[in-house]
Number of protein chains: 2
Amino acid sequence: MKVSDLAKAAGVTSETVRHYTREGLLAPAKDPHNGYHRFDSQDLERLAFIQRARTLGFSIKEIHEILDHADHGDSPCPLVRDLLASRLPQIRERIQELEALATRMEQALDAWADMPDGTPDGHSLCRLIESLPAPSTDKAASNTAKEEA
Amino acid sequence: MKVSDLAKAAGVTSETVRHYTREGLLAPAKDPHNGYHRFDSQDLERLAFIQRARTLGFSIKEIHEILDHADHGDSPCPLVRDLLASRLPQIRERIQELEALATRMEQALDAWADMPDGTPDGHSLCRLIESLPAPSTDKAASNTAKEEA
DNA sequence: TAAAACCTTTGGGTTACACAAAGGTCAAGC
DNA sequence: GCTTGACCTTTGTGTAACCCAAAGGTTTTA
């Protein structure tokens, strides 16, 4: 199989396949004649494995470790369990943060009715935002607004 | 105030202040003698505004737009409302995804008891992961495992 | 056989900073 | 006055997981 064949079979883009290949998660043979990558059914299984691991929240680097273990004949399962166990509370925490964020957003929208769209007057840019509680200046806390695309 | 003074007053790092300055969110005067940035109380207010906006999930680029509106004498409030309204459902969706992720992780951990830590045999890397449902190869769906640090 | 479709590698873009390096500045103590 | 340490500047690099464009070779197809 060529790149796009594998990509289609797994439901990802060719770019993703190339990315994993660059990162060493997939190690296809190369056709000596034209330099094309040649993937086989094992690569497809491996890619399916990667996709499943991604749905568990594992990073590419972690999946790399897991695959390395397996490639060395060691069971990666204990590693997988440890990673899951340590990641789960972080996910829960992240959910809490996002729920708090959603709540703040809703409250802000609800508060809209009670506040005029004041033109900035040098003291206020947008009262809606300025009426929020000040983010704690405490180093320890505050991880509230991490967003991704 | 110098960089670190402002940073301390707002509870952020000096690097963050410099970052916002580079990005144009803050526009301090420069001491012609030594090239040091000079921030005043308005910059502190502006920085506090930025922090509050961040807690609402706004990106730096969005905050830049909001501030530009205000700097031009226009009320940024309608913009803020539109951004909030369009972002909120995305946050809700993200929460759903993370909850589904947490559930999968828990189920995986629960399933541990029923599965041996098999050494990889060429057919199975880690049965725990391979027993997961296959990620849909459907282009439309599937955005399950976006993680950040 | 020529064009369409696909392959390769290389390099840049995305987010919001953190961090290191190289070099100038400033406050304090001796 | 001078050394030292703390702080300032700009510039460049790294982060996560890809996406996208460019330049140039290959394969397939009409």
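Quick note on labels: first sequence line is chain A, next is B, and so on, each numbered from 1.
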What integer distance in Å separates His33(A):NE2 from dC7(C):P?
16 Å

In whole Å, I'd like the distance from the CZ atom of Arg54(A) to the P atom of dC18(D).
5 Å

Any heavy-atom pair between the side chains of Tyr36(A) and Val3(A) that's under 4.5 Å?
no

In whole angstrom, give the distance that lies between atom CD of Gln90(A) and atom P of dA16(D).
13 Å

Student check: side-chain heavy atoms of Leu101(B) and Arg104(B) closer than 4.5 Å:
yes

Terminal helix-axis angle for the helix from dT1(C)-dA30(D) to dC30(C)-dG1(D), with five pairs defining each axis and rounding to 10 degrees
20°

Among Ile63(A), Leu25(A), Asp71(A), Asp40(A), the one residue meeting side-chain contact (heavy atoms from CB on, under 4.5 Å) with Arg46(A)
Asp71(A)

Gap between atoms CZ and P, on Arg94(B) and dT15(C) respectively (whole Å)
16 Å

Where is the tightest heavy-atom contact between Leu84(A) and Met105(B), given as atom of each residue plus distance?
O-CE, 3.5 Å

For residues Cys126(B) and Glu130(B), determine if any side-chain heavy atom of one lies less than 4.5 Å from a side-chain heavy atom of the other.
no

Here the distance between atom P of dT9(C) and atom CD of Glu23(A), to the nearest Å, is 14 Å

Might you point out which heavy atoms bring Ser59(B) and Arg54(B) nearest each other, and give the distance in Å?
CA-NH1, 4.1 Å

Tell me which nucleotide among dC19(D), dC26(C), dA16(C) gets nearest to the side chain of Thr16(A).
dC19(D)

Do Thr16(B) and Thr13(B) come close enough that some side-chain heavy atom pair is under 4.5 Å?
yes

Base versus backbone protein contacts along nucleotides 2-10 of chain D [heavy-atom cut-off under 4.0 Å; B, S, -]:
-----BSBB

Heavy-atom distance under 4.5 Å between the side chains of Glu99(B) and Glu99(A), does that happen here?
yes

Would you say Phe39(A) and Leu47(A) make side-chain contact, with heavy atoms under 4.5 Å?
no

Mapping Asp31(B) and Ile60(B) to their closest nucleotides on DNA chain C, which lands nearer the 5' end?
Ile60(B)

Look at Tyr20(A) and dC18(D) and indicate whether a side-chain polar atom (N or O) is within less than 4.0 Å of OP1 or OP2.
yes

